[in-house]
Colleague: 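Next up is a structure, given as structure tokens.
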Amino acid sequence: MNKVGGKATHEEALLKHQQHLQRQRDGIAHRMKKLAAKQVEITKKTNAVKEKIRKKYEDMKRVLDEDLRITLTQLDTEFEATERLVEDRIEDCYRLTQELDQELSNIGAQNAETQKRISETLKLTDPELIQMDEFKSEQLLCLTINLLLFIRSQVPVTKKLFQTYAADVVLDADTAHPKLIISPKGDSATYTDTWQDVPETTSRFETTLNVVSQQGFSEGRQYWEVDVSGKTYWELGLTYPSIPRKGREEDSWLGRGKESWCVEYFNGDYTAWHGGVQHELPLLAGRQFTRIGVYCGFPGGVVCFLGADTMTPLYCFCTGTFTDTLYQALCPGHDNEGTNWKSLKICDASRSAPVL
């Protein structure tokens, strides 16, 4: 009887456990449906916003096209009026030549009235008296230039968006490779041939010319810009604190492991790196930017690199969920045969250089 009772109790416990697992499975399946519905909702909202923005750009194009039509119509009207005046003056001259031809056939006749008309016609048809309204033309051109400058100051609109995410980045001198000079404000990194007398720290890079920021972030959206003008070699990116600092050189390079993301520039060529995977960017070959922008967003796991002068996309990583705190990282590169001595300087991304 005890064995039977014990067996029944065991079966009941097993059944309860199975029922518990089934409820958990049902709950997870329900959660998957909710996530799928959320994905559909996000897609719909994104497409709706994209469509609204596209229509606004179409509206702007229509407005500009209409303004162009009106402006050219004004110039055409001025041209047609002036052209008609010239044609009238040519006609006056033609009629007078016809009359003179008749008089030439009758040499004996002297017509004082004809002499008077010749004088008046020559005076009236002086080309110097026919002038376009150049002041209006210059004003229209000036207004058009001002409109272009205004539009350029407003676009790309992503510039203003990213400026709202501007991060205050300060480089951590205690992480810098000994051949890097970090400015007192922590806003620039400069390569030097001289090995600096710096304290040994566990966080210091010893095998590659890296430095990371003092503060990391693990939520929200961050955007920062670096002045790369005059450089022939640099690397910019983001990294988890777990990036190797010692040991094999390549392990410490930005983007060579799964803990960091970067874009590298070397002698005119751009390359994006993550997890040791190289993404060559041939369409950007030869392009030079004054500033490079780096944007990162939690929780979506997006890392975007941009040519900040014109907000030209360089490369974008969609990484999924980030698993640790992120730090800004950069490498100003070696001297590159004497062409790469300039510093990498952190910019105030909230007040970026004007778009040219």
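Note that this is a predicted model, so its numbers are computed, not measured. Starting from 1, each residue takes its place in the sequence as its number.
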Colleague: Taking side chain to side chain donor-acceptor pair (under 3.5 Å) as the definition, give me every residue that meets it alongside His334, ordered by chain and number, with sequence neighbours left out.
Modeller: none
Colleague: Sort and list the pairs that fulfil ring pair (Phe, Tyr, Trp, His ring centres under 6.0 Å) and have at least one residue in residues 162-201, not counting sequence neighbours.
Modeller: Phe162-Tyr223, Phe162-Tyr295, Tyr165-Tyr295, His177-Trp195, Tyr191-Trp341
Colleague: What residues, two or more places apart in sequence or in another chain, satisfy ring pair (Phe, Tyr, Trp, His ring centres under 6.0 Å) together with Phe289?
Modeller: none
Colleague: If the condition is side chain to side chain donor-acceptor pair (under 3.5 Å), which residues does Lys45 pass it with, not counting sequence neighbours?
Modeller: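 Listed in chain order: Glu41.
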Colleague: Going by side-chain heavy atoms closer than 4.5 Å, which hydrophobic residues are tied to Tyr233, directly or by a chain of links?
Modeller: Phe266
Colleague: Do Thr339 and Thr232 get their side chains close enough for a donor-acceptor pair, meaning under 3.5 Å?
Modeller: yes
Colleague: What residues, two or more places apart in sequence or in another chain, satisfy ring pair (Phe, Tyr, Trp, His ring centres under 6.0 Å) together with Trp234?
Modeller: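 Testing Trp234 for ring pair (Phe, Tyr, Trp, His ring centres under 6.0 Å), a comparison that skips the adjacent residues, returns Tyr265.
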Colleague: Which residue pairs pass the salt bridge (charged side-chain N to carboxylate O under 4.0 Å, His left out) test when at least one of the two sits in residues 181-200, sequence neighbours left out?
Modeller: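 Listed by first then second residue: Asp187-Lys345.
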Colleague: Should the pair Arg69-Asp65 be classified as a salt bridge under the 4.0 Å nitrogen-to-oxygen rule?
Modeller: no
Colleague: What residues form a side chain to side chain donor-acceptor pair (under 3.5 Å) with Lys231, not counting sequence neighbours?
Modeller: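 For Lys231, the residues satisfying side chain to side chain donor-acceptor pair (under 3.5 Å) (neighbours in sequence not counted) are Asn340.
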Colleague: Between Lys16 and Glu12, does at least one N-O distance fall below 4.0 Å, as a salt bridge requires?
Modeller: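 Result for this pair is no, no salt bridge flagged.
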Colleague: For residues 17-38, which residue pairs pass the ring pair (Phe, Tyr, Trp, His ring centres under 6.0 Å) check, not counting sequence neighbours?
Modeller: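 Qualifying pairs: none.
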Colleague: May I ask you to say whether Lys61 pairs ionically with Glu58, meaning some side-chain N is under 4.0 Å from a carboxylate O?
Modeller: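 No, Lys61 and Glu58 are not salt-bridged.
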Colleague: With sequence neighbours left out, what residues match Thr319 under side chain to side chain donor-acceptor pair (under 3.5 Å)?
Modeller: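 Thr319 satisfies side chain to side chain donor-acceptor pair (under 3.5 Å) with no other residue.
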Colleague: Just by modelled atom types, is the Asn210 backbone N or O under 3.5 Å from a matching donor or acceptor in the Thr208 side chain?
Modeller: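 Here the side-chain-to-backbone pair does not exist.
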Colleague: Quick one: do Phe322 and Trp261 satisfy ring pair (Phe, Tyr, Trp, His ring centres under 6.0 Å)? Show the steps, please.
Modeller: CA-CA 12 Å; Phe322 291 120; Trp261 299 257; 5.6 Å; yes
Colleague: Can you name the residues that form a side chain to side chain contact (heavy atoms under 4.5 Å, CB included) with Asp26, not counting sequence neighbours?
Modeller: Gln22
Colleague: List, one per line, each side-chain donor-acceptor pair under 3.5 Å for residues 238-246, sequence neighbours excluded.
Modeller:
| unit_1 | atom_1 | unit_2 | atom_2 | d |
| --- | --- | --- | --- | --- |
| Thr239 | OG1 | Glu259 | O | 3.2 |
| Tyr240 | OH | Thr323 | N | 3.0 |
| Tyr240 | OH | Thr323 | OG1 | 3.4 |
| Arg245 | NE | Ile243 | O | 3.2 |
| Arg245 | NH1 | Ser203 | O | 2.6 |
| Arg245 | NH2 | Pro241 | O | 3.1 |
| Lys246 | NZ | Thr201 | O | 2.8 |
| Lys246 | NZ | Arg204 | O | 2.8 |
| Lys246 | NZ | Glu206 | OE2 | 3.1 |

Colleague: Ignoring hydrogens and geometry, is there a side-chain-to-backbone donor-acceptor pair from Lys159 to Ala308 under 3.5 Å?
Modeller: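 Yes.
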